[in-house]
Amino acid sequence: MDRIYITTPLYYVNAEPHLGSAYTMILSDTLARYYRAKGYETFYLTGTDEHGDKIAQAAANAKLDPKEFTDQISATFRAVWDECGFAYDHFIRTTDDYHISYVQEVLNTVYQSGDIYFDRYSGLYCFGCERFYTDKELVNGKCPDHLIEPNLIEEENYFFRMSKYQDHLLRHIETHPQFIRPEGYRNEVLAMLREPVEDLCISRPKSRLTWGIELPFDNRYVTYVWFDALINYVSALKRRGEGEFQKFWPEAQHFIGKDIVKPHGVFWPTMLLAAGLPLYKHLNVHGYWTVEGKKMSKSIGNTISPLEMKQTIGMDAFRYFVLRESVFGQDADFRRESLIGRYNADLANNLGNLVSRVLAMQGKYFAGVVQPLGKQWTDEDNELKSVYEKVESEIGRHLAELQFHRALEVLWAALDHTNRYIVQTSPFTLMKDPANQARVGEILHHLLQAICQLARLLKPFMPDTAKELQSLLAFTEGDPALEASWGNSFAAGHKVSSPKVLFPRIEVPGNE
Ligand code: ME8
């Protein structure tokens with residue numbers, strides 16, 4: 001049986017869900033829905049990252065105990081994702097007991113094999129990033145992310161022998177071109193691995209931080225947050241039993257943003273190698289969103305909330321926009337003008353009008369009852385059918401390469417073609433002569449068949465709209481008629497519903 005395992009990063013609970021995390025969710029949710037509908041056994045994982053300095057600090061700022069604080073924000077993430085309709089199979093928290101004990105198991109294994117050692121270390125540490133920086137990584141002596149000078153700290157700590165696995169990983173990436181994709185990020189990791197890789201400090205003394213997973217071999221320390229959080233991708237499967245791990249792990253695809261390539265492209269695979277676990281299949285790296293050309297930030301006040309999007313334009317329109325407007329792997333800019341432009345052109349006009357026109361004609365001419373198809377089909381009829389057949393395989397090809405925007409492009413090209421079919425066949429003109437009634441019935445049957453295909457093909461991208469289309473066609477969820485071949489979806493006498501405005505146009509003041 002075909003299988004796929006899809007993961008998102010575990011979001012830090014020091015901020016609330018926004019356009020960036022929602023984007024990762026939309027990409028991964030779309031892919032999970034696509035493969036699920038294709039019959040793949042699918043496991044889709046998301047969750048929250050709750051230990052470490054950053055979270056302890058945020059809890060202190062909120063004057064809450066870290067556990068209380070993380071309970072609250074983690075619940076907010078879950079509630080927002082549920083409200084957005086993301087169909088994840090499991091939500092993991094790094095404070096979950098099974099995760100904590102599995103992290104300790106991995107630490108023990110790696111410690112016992114000699115790949116974790118104790119050493120004195122002094123280095124430049126950025127508290128914001130929760131990591132040490134080398135001089136080379138700093139920009140003008142400052143952390144490139146937080147733009148502050150790191151602190152010099154000297155400590156005794158435990159180190160993971162990451163350097164030992166550098167060559168192994170380098171060879172793996174060289175021989176598996178699809179391991180990290182798109183290629184630009186693969187090259188980024190290859191460049192890191194062609195320089196000497198330093199061992200990774202994986203402990204934090206409790207004198208400095210207590211909010212973490214205690215090292216099983218030294219209770220004076222907690223685990224470095226990345227050595228804890230990355231392991232979630234395996235602990236979530238192990239919790240379901242060794243069988244589930246064996247089943248899904250070989251098909252693991254991690255979705256992440258470009259900010260966390262190093263932990264996922266270098267730390268994580270070397271950790272897997274040291275723990276004696278197989279490597280994941282793909283690391284899928286997407287770009288970053290800015291808003292109206294600016295970095296999204298709480299202090300500027302320009303963060304985009306997914307729930308606000310849901311309330312204003314609807315979740316499906318938001319999904320459509322981010323998937324259509326971005327190229328996987330590249331940065332994208334969120335502009336309200338483009339959002340409204342695409343909404344009006346692609347959703348209100350193209351998709352919405354097509355569906356209303358067809359259902360309105362069906363209602364007016366045949367009281368909604370679908371008419372039979374004759375044996376003889378015109379060239380236009382055959383072409384319409386073949387356009388949809390082609391689209392199906394093209395979507396599959398584009399999604400296999402994570403080209404979400406291209407998948408939607410070909411789907412919308414099919415919609416354009418369908419609108420042209422109406423112009424070419426001109427059912428409203430034909431209907432003026434009662435002798436043409438049977439032909440008009442056939443044309444509308446073909447058009448309803450096209451909408452039926454759309455309902456199926458749109459499902460992973462715009463699940464609510466797909467459901468709405470199914471109900472307008474008077475099918476119940478999962479009706480086998482939706483999967484039937486062209487011309488076989490509508491039984492004799494099947495009656496479709498009256499039209500409904502799917503996407504009301506958004507009028508922009510001064511732009512009429
Ligand atoms: O890094 N554009 O969590 P995090 C696109 N806890 N995506 C964005 C984005 C933006 N402007 N901003 C955030 C962490 N993201 C760790 C991960 S995994 C074991 C631990 C998305 O809350 C993107 O997916 O900072 C990015 O990688 C992630 O949020 C970072 O989330």
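Because the structure is a prediction, the values reported are computed rather than measured. Both ligands and their constituent atoms are indexed starting at 1 by order of listing. Just so you know, residue 1 is the first one in the sequence shown, and it goes up from there.
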Discussion item. Against the six-membered ring of Phe245, is Lys238 placed for a cation-pi contact (under 6.0 Å from the centre, within 45° of the normal)?
Written reply: yes
Worksheet item: Under the salt bridge (charged side-chain N to carboxylate O under 4.0 Å, His left out) test, which residues partner Arg239, sequence neighbours left out?
Response: none
Worksheet item: Any donor and acceptor pair, going by atom type alone, linking the side chain of Asp96 with main-chain N or O of Tyr98 inside 3.5 Å?
Response: no
Practice prompt. Carefully, step by step, assess Asp49 and Tyr11 under the rule side chain to side chain donor-acceptor pair (under 3.5 Å).
Written response: CA-CA 5 Å; Asp49 189 353; Tyr11 306 106; over 6 Å; no
If you look at each N/O of ligand 1, which protein N/O atoms lie under 3.5 Å away, and at what distance?
from     : atom 1 : to     : atom 2 : distance (Å)
ligand 1 : 2 (N)  : Trp289 : N      : 2.9
ligand 1 : 6 (N)  : Leu10  : O      : 2.7
ligand 1 : 6 (N)  : Asp49  : OD2    : 2.7
ligand 1 : 7 (N)  : Gly20  : O      : 3.4
ligand 1 : 11 (N) : Trp289 : O      : 3.2
ligand 1 : 12 (N) : Tyr288 : OH     : 3.3
ligand 1 : 22 (O) : Tyr12  : N      : 2.9
ligand 1 : 24 (O) : Thr24  : OG1    : 2.7
ligand 1 : 24 (O) : Gly257 : N      : 3.3
ligand 1 : 24 (O) : His286 : NE2    : 3.4
ligand 1 : 27 (O) : Gly257 : N      : 2.9
ligand 1 : 27 (O) : Asp259 : OD1    : 2.8

Worksheet item: Does the ring center of Tyr233 lie less than 6.0 Å from the ring center of His264?
Response: yes
Discussion item. Just by distance, no angles: are the side chains of Asp346 and Tyr320 close enough, under 3.5 Å, to form a donor-acceptor pair?
Written reply: yes
